[in-house]
Amino acid sequence: MLQNQLKFRPRSAQASQQPIKSARDIATWKTIAVGSFADSISLRNALDGMGCNVGGQAAEILARPAFSVSSQEIDVELVIVSPAQLGLTSDTVPLANIYARARQLGFELAAAEVGPQLRIQYFDQPMGEFLTIGMNPIKTWGGELVIFNVANGGAGLILIGQDGRAGAEMPAATRFVFARSHHPAPGAELVEGAETLLAPIADW
């Protein structure tokens, strides 16, 4: 399902792809709460109780020691942005380059908890929408690097995993969820010269 979505750009993803110069150019999309569950087991049980499907890879990294929940309840401001909006305009872009450019423009990687919490708190997700969580990947038991994707593929709301390797190629129209940073973004003149310094990395 995810592979098909990556090959076909859904109507919901056809938003403006005009490059931005700073995180200030993008409005907060949604504010969600994290830290509302005592542990990852309680969070997974809540997903089940609300009828949210969880794919195999997503279920595996939810159960890994590297996945944790916040010890206190806080609100997190989220934004949606594509690699094209970040100024990365080739057909596909390595994940490491996307993360580096996002940080340069003033965005932050989301905590892993944001994926399942967004799934729980986003019940009106349009059909055909797939949102890749910009997060540090978590290794499965087999060593695969995986990140979350919050999706409505037409068969119900689901939390799935996708390739989180640094060199994983992402279509320029992929919609990423990042956290809004409360630190000042670097000047546009520093960002414009940074892309040439970025290179794909074989692994994290």
Side-chain angles (χ1 to χ4, degrees), residues 1-21 23 26 29 54-62 64 66-67 78-112 114-115 118-119 125-126 128-154 158-179 191-204:
M1 177 175 61
L2 178 59
Q3 289 300 320
N4 290 337
Q5 188 273 339
L6 291 175
K7 295 176 183 177
F8 173 74
R9 184 188 304 177
R11 184 175 300 275
S12 60
Q14 295 179 4
S16 171
Q17 297 296 314
Q18 291 298 317
I20 61 174
K21 293 184 177 181
I26 296 290
W29 166 65
V54 178
Q57 285 187 320
E60 190 167 342
I61 64 173
L62 279 171
R64 293 288 283 155
F67 178 85
L78 303 177
V79 298
I80 293 177
V81 66
S82 70
Q85 288 174 288
L86 297 175
L88 304 171
T89 55
S90 57
D91 290 342
T92 63
V93 186
L95 185 61
N97 292 32
I98 296 168
Y99 282 4
R101 176 54 63 90
R103 288 189 176 108
Q104 289 162 5
L105 292 179
F107 301 108
E108 291 181 350
L109 295 187
V114 165
L118 180 59
R119 177 64 291 155
Q125 183 175 24
E129 182 180 73
F130 289 72
L131 299 177
T132 299
I133 305 300
M135 56 176 277
N136 285 317
I138 297 176
K139 284 186 177 180
T140 64
W141 295 107
E144 296 175 279
L145 291 165
V146 174
I147 57 179
F148 287 121
N149 190 298
V150 176
N152 181 353
I158 189 169
L159 179 70
I160 54 181
Q162 72 177 88
D163 191 351
R165 292 175 298 119
E169 294 286 339
M170 303 289 178
T174 302
R175 304 182 77 198
F176 277 85
V177 175
F178 290 107
V191 173
E192 290 172 358
E195 184 176 1
T196 58
L197 302 178
L198 300 177
I201 304 172
D203 203 345
W204 293 100

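Note that these values count all heavy atoms, side chains included, but never hydrogens, waters or copies made by symmetry. As the structure is a computational prediction, the values presented were derived from the model and not from experiment.
For E60, the side chain to side chain contact (heavy atoms under 4.5 Å, CB included) test picks out T140, W141, with sequence neighbours left out. Listed by chain and number, the residues in a side chain to side chain donor-acceptor pair (under 3.5 Å) with S90 amount to none (sequence neighbours excluded). Residues satisfying the ring-ring contact (aromatic ring centres under 6.0 Å, His included) test with F107, not counting sequence neighbours, are none. Remark: F178 pairs with F176 by the ring-ring contact (aromatic ring centres under 6.0 Å, His included) rule, at least two apart or across chains.
Side-chain contact annotation: Q162 with N149, donor-acceptor N/O pair under 3.5 Å present.
For the pair I158 and R119, the minimum side-chain heavy-atom distance is 4.5 Å or more. Here the side chains of K139 and V146 are not in contact, with every heavy-atom distance at 4.5 Å or above. Considering only heavy atoms from C-beta on, T132 stays 4.5 Å or farther from R175 through its side chain. When side chains are defined from C-beta on, L62 counts as touching L159, because their heavy atoms get closer than 4.5 Å. In this structure, V114 and F148 have side chains that are not in contact, with every pair of non-hydrogen atoms separated by 4.5 Å or more.
When all heavy atoms of R103 and N136 are compared, the pair lying nearest together is NH2-OD1, 4.3 Å. Across all their heavy atoms, V93 and P83 have their closest contact at CG2-CB, 4.2 Å. Residues F130 and A151 approach most closely at CD2-CB, 3.4 Å, considering heavy atoms. Closest heavy-atom contact between A172 and S82: O-CB, 3.5 Å.
A salt bridge is absent between R165 and E144: the closest approach of a Lys/Arg side-chain nitrogen to an acidic carboxylate oxygen does not fall below 4.0 angstrom.
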Exercise. Starting from the C-alpha separation in whole Å, work towards a yes-or-no answer on side-chain contact (heavy atoms from CB on, under 4.5 Å) for K21 and L105.
Key: CA-CA 7 Å; K21 293 184 177 181; L105 292 179; 5.7 Å; no

Practice problem: Report the C-alpha separation of I147 and L95 in whole Å, then their side-chain angles, then the decisive distance to 0.1 Å, and conclude whether the side-chain contact (heavy atoms from CB on, under 4.5 Å) test is met. | Solution: CA-CA 11 Å; I147 57 179; L95 185 61; 4.1 Å; yes

Exercise. Could you walk me through whether I133 and L118 pass side-chain contact (heavy atoms from CB on, under 4.5 Å), step by step?
Key: CA-CA 10 Å; I133 305 300; L118 180 59; 4.0 Å; yes

Exercise. Please step through side-chain contact (heavy atoms from CB on, under 4.5 Å) for the pair M135 and V177, ending with a clear verdict.
Key: CA-CA 9 Å; M135 56 176 277; V177 175; over 6 Å; no

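Expressed to the nearest 0.5 Å, how far OH of Y99 lies from CD of E108 amounts to 13.5 Å. Rounding to the nearest 0.5 Å places CD of E169 at 3.5 Å from OG1 of T92. Here CD1 of I138 is found 6.5 Å from CZ of F67. Values are rounded to the nearest 0.5 Å.
Checked by atom type and distance alone, the side chain of N152 pairs as donor or acceptor with a backbone atom of Q125 at under 3.5 Å.
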